[in-house]
Amino acid sequence: MCNRPTQKYSENTYLGLDLGSQKLKAVILNSKLEIIFSTQVHFDVDFPEYGTTGGAKQGDNPDEYLVNPTMWVKALHVVFSTLHSQGADLHSVAAISGSAQQHGSVFWSEDGFKRLCGLNCLFKLHEQLNEYAFSVLQSPMWMDGSTGQQCSEMERTIGGALEMSAITGSKCYARFTGPQIRKIYQTQPEKYENTVRISLVSSFLTSVLLGTVAAIDFSDGSGMNLLDIRKKKWSSECLDACAPDLARRLMKPIAPNRLQGRVAKYFVERWNFRPDCMVLSCTGDNPSSLAGMLLEKNSLILSLGTSDTIIMHLKHAPKLEEGHVLCHPTIVDEYMGLLCFRNGSLVRQTVCQEVANGSWNTFNHMLETTPMGNYGNIAVHFHDREIIPLAKGILKWNKDTDPSSKQSRLGLKQFEEPAWEARAVVEGQMMHHRIIASEMGFHFDSDTKIIVIGGASKNRHILQIVADVFNASVYETSNAEMALLGAAYRARYAFYEYREANCSCRRCKMPKGRRPKLSYTEFFRQALPNTLKLVASPTPGCEVYEPLLPRYEKMTYILAARTAFSDYQIVTAS
Ligand SMILES: Nc1ncnc2c1ncn2[C@@H]1O[C@H](COP(=O)(O)OP(=O)(O)O)[C@@H](O)[C@H]1O
Ligand SMILES: O=C(CO)[C@@H](O)[C@H](O)COP(=O)(O)O
């Protein structure tokens with residue numbers, strides 16, 4: 001049923017959305033930036049009809065991870081309906097923004113484009129943006145690692161991995177959208193031909209809110225191997241190396257702080273949004289987490305969501321061999337560094353299931369009753385093909401394993417105690433994160449602050465291992481949902497900027513450069529209390545990890561060599 005808009009609301013509010021791997025979450029903040037409404041949809045649990053595990057379905061090839069985009073549309077409908085039925089006054093929402101898993105893509109058909117522009121409030125969103133709206137119904141999502149061939153082809157055309165990284169901030173990575181688009185173009189050419197627009201998951205979210213296809217923002221656009229991150233334009237060489245007639249399908253990219261438009265009439269008529277409700281570009285979940293934090297020097301964010309990621313602020317864009325440089329989501333012409341580890345929460349969850357019957361309490365008890373260093377028992381758990389290094393498999397060593405022996409390549413079948421398995425998975429992951437972050441140039445010292453966010457950051461036992469392995473203090477924020485809050489904060493700041501630009505008071509009539517407009521950071525430094533809380537400090541004796549780090553690294557080399565060899569065998573066999 002369509003609603004007739006009411007015109008009164010008590011205060012302006014701000015809506016943030018986060019379309020993560022496993023859930024769609026929403027939050028409404030009041031003018032004091034307090035959460036007044038929130039809701040979420042958990043895909044695996046709430047939508048069993050889509051048959052997802054961890055928010056995706058495996059394709060024919062074990063490295064393929066796919067999502068039917070109509071699931072996300074349905075989730076959006078359910079989230080808005082729930083907020084409305086909770087009694088949220090959606091007429092008070094002055095601005096909306098969102099965050100979404102990075103790299104995934106959505107392929108709009110011509111029919112879908114028309115349906116999006118003509119949404120009818122009498123029907124549900126997913127009754128209109130259904131299977132006819134998308135030319136590709138199995139969209140690749142960030143966990144997909146099946147485009148090794150396309151990565152090599154694109155890099156070769158551009159002049160090598162370093163050249164690709166110099167332009168786009170990253171060498172080609174299998175989950176990045178450019179190689180994924182190339183794979184669709186090569187393997188399903190008729191579907192590519194029938195695609196009028198391509199969105200990232202974040203710009204798909206913006207598109208549904210706007211009722212037309214939205215531009216891709218620079219920050220999330222940096223995760224495609226297509227954007228020149230310094231010139232802030234699509235790189236014509238990269239587009240040509242990817243697929244034909246791509247610029248039209250992607251449209252011009254846009255600054256993350258640019259307003260994309262007003263909310264679609266559909267939302268006004270169906271859920272009583274006000275017609276002038278502003279829609280700011282949605283962006284990737286990692287940039288959005290950075291927007292949710294005011295990071296100090298020496299701090300890095302460790303996000304323990306579905307993936308584990310490390311996020312840091314960079315003033316300039318270094319040229320890297322591994323890892324990613326992205327355009328900063330809130331500071332023009334600055335950058336962020338990102339490392340992503342595919343084997344994060346889902347691996348911890350699997351081991352928790354195996355050794356503790358899925359109970360985090362039992363798992364935590366196991367962590368509590370085992371010592372730092374785990375008596376020398378180390379495990380590498382790359383259940384899925386890891387991103388850095390490209391390696392898949394599980395390898396376990398104990399203190400007696402000789403790295404130069406033949407046996408070290410096979411490792412142990414299992415440890416003697418289930419509790420050692422529990423500690424080994426978490427310690428191994430954190431050793432891996434530390435090694436790769438150091439290789440990327442992050443210098444850990446006694447001033448280092450690690451700020452943890454994401455689903456697993458509520459687990460204090462895991463956080464203690466983070467503090468010990470990194471030998472650094474670990475802080476949590478009062479709300480671990482930083483990507484979600486970052487979205488709502490960006491909406492809040494966009495409304496402030498808009499007000500400042502359009503205010504006609506004497507102060508605001510001053511010539512531009514003299515107006516004391518607050519930057520994003522200044523605005524939130526004033527508006528937000530310091531929410532960081534120390535939750536774990538390194539335990540005396542944590543130097544025990546120093547000799548374990550090179551052993552762990554050696555184990556990852558063994559798995560990487562094994563993976564490269566089996567890839568080589570597949571290529572030569574075909
Ligand atoms: N108490 C806990 N201990 C460890 N991990 C947890 C705990 N609670 C939730 N998690 C993990 O958090 C993950 C989800 O994190 P979240 O940030 O919500 O995901 P996303 O944003 O990627 O959809 C789950 O896969 C789960 O394993
Ligand atoms: O691929 C990346 C970053 O490069 C992932 O971090 C995705 O952005 C998914 O995020 P989560 O759902 O795991 O938080």
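All ligand and atom numbering here is 1-based and tracks the order in the structure.
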Which class fits the ring pair Phe363 and Trp360: parallel under 30°, tilted 30 to 60°, perpendicular over 60°? perpendicular
Aromatic ring proximity His103/Tyr173, centre distance under 6.0 Å: no
Side chain, backbone, both or neither: which applies to His103 and ligand 2 if a contact is any heavy-atom pair less than 4.0 Å apart? side chain
In ligand 2, the atoms that come under 4.0 Å of a heavy atom of Gln102 are 3 (C), 7 (C), 8 (O)
Which of the numbered atoms in ligand 1 are below 4.0 angstrom from a heavy atom of Lys23? 23 (O)
Flag Ser21 as yes when one of its N or O atoms lies below 3.5 Å from any N or O atom of ligand 2, and as no otherwise. yes
Taking N or O atoms only and a 3.5 Å limit, does Ser307 qualify as a polar contact for ligand 2? yes
Taking only heavy atoms of Thr309, which atoms of ligand 2 are found under 4.0 Å from at least one of them? 6 (O)
Considering only protein heavy atoms, which is closest to atom 14 (C) of ligand 1, and at what distance to one decimal place? Gln22 NE2, 3.8 Å
Decide ring pair (Phe, Tyr, Trp, His ring centres under 6.0 Å) for Phe43 and Tyr50; before the verdict, give the C-alpha distance in whole Å, the side-chain angles of both, and the deciding distance to 0.1 Å. CA-CA 8 Å; Phe43 307 133; Tyr50 285 94; 8.7 Å; no
Within the 4.0 Å heavy-atom cut-off, what Gln349 brings close to ligand 1 is side chain
In this structure, atom 6 (C) of ligand 1 is nearest to the protein heavy atom Ala456 CA, 3.7 Å
Identify whether the distance between the nearest side-chain nitrogen and carboxylate oxygen of Arg423 and Glu417 falls below 4.0 Å. no
Taking only heavy atoms of Trp142 into account, list the atoms of ligand 2 that are under 4.0 Å away from them. 1 (O), 5 (C), 7 (C), 9 (C), 13 (O)
For atom 19 (O) of ligand 1, what is the closest protein heavy atom, and at what distance to 0.1 Å? Thr306 OG1, 3.5 Å
Please state whether Arg348 comes within less than 4.0 angstrom of ligand 1, counting heavy atoms only. no
Pair Asp217 + Arg490: basic N to acidic O under 4.0 Å: no
Pull out every atom of ligand 2 sitting under 4.0 Å from any heavy atom of Gln101, numbered as shown with elements. 8 (O), 9 (C)
For atom 3 (C) of ligand 2, find the nearest protein heavy atom and state the residue, atom name and distance (0.1 Å precision). Asn286 ND2, 3.2 Å
With heavy-atom distances below 4.0 Å as the criterion, list the atoms of ligand 1 near Lys458. 8 (N)
Given Leu246 and Tyr185, is the side chain to side chain contact (heavy atoms under 4.5 Å, CB included) satisfied, shown in steps? CA-CA 10 Å; Leu246 190 51; Tyr185 159 66; over 6 Å; no
Do Glu427 and Tyr545 pair up side chain to side chain, a donor and an acceptor below 3.5 Å, judged on atom types alone? yes
side-chain hydrogen bond (donor to acceptor under 3.5 Å, both in side chains), paired with Asp144, selected from Arg175, Gln180, Arg385: Gln180
Can you tell whether the side chains of Asp18 and Lys23 come within less than 4.0 Å, N to carboxylate O? no
Looking at Glu334 and Lys315, is there a salt bridge between them, counting it only when a charged N and a carboxylate O are closer than 4.0 Å? yes
Could you find the nearest protein heavy atom to atom 3 (N) of ligand 1 and give me its residue, atom name and distance? Asn459 ND2, 3.1 Å
Parallel under 30°, tilted from 30 to 60°, perpendicular over 60°: which one fits the rings of Tyr520 and Tyr493? perpendicular
Please identify which atoms of ligand 2 are closer than 4.0 Å to at least one heavy atom of Arg175. 1 (O), 2 (C), 3 (C), 4 (O)
Nearest 0.5 Å, please: how far is CG in Leu320 from CG in Leu314? 8.0 Å
Under 4.0 Å to a heavy atom of Gly305 - the qualifying atoms of ligand 1, by number: 15 (O), 17 (O)
Lys25 versus ligand 1: do any nitrogen or oxygen atoms come within less than 3.5 Å of each other? yes
Who gets closest to atom 14 (O) of ligand 2 by heavy atom: Leu326, Asp285, Leu346, Ile453? Asp285
Shortest protein heavy-atom distance from atom 2 (C) of ligand 2, along with the residue and atom involved: Cys340 SG, 3.4 Å
Counting heavy atoms only, name the option from Gly454, Ser345, Ser307 that's nearest to atom 11 (C) of ligand 1. Ser345
Which residue and heavy atom of the protein sit nearest atom 7 (C) of ligand 1, plus the separation: Trp360 NE1, 3.7 Å
Qualifying residue for salt bridge (charged side-chain N to carboxylate O under 4.0 Å, His left out) with Lys171, from Glu322, Glu155, Glu163: Glu322
Salt-bridge contact Glu64-Lys183 (side-chain N to carboxylate O under 4.0 Å): yes
Whether Phe341 and His432 hold their rings parallel, tilted or perpendicular, with breakpoints at 30° and 60°: perpendicular
Give the residue, atom name and distance (to 0.1 Å) of the protein heavy atom nearest atom 9 (C) of ligand 1. Gly455 O, 3.6 Å
Just to be sure I read this right, does ligand 1 sit under 4.0 Å from the backbone of Glu481, its side chain, both, or neither, counting only heavy atoms? neither
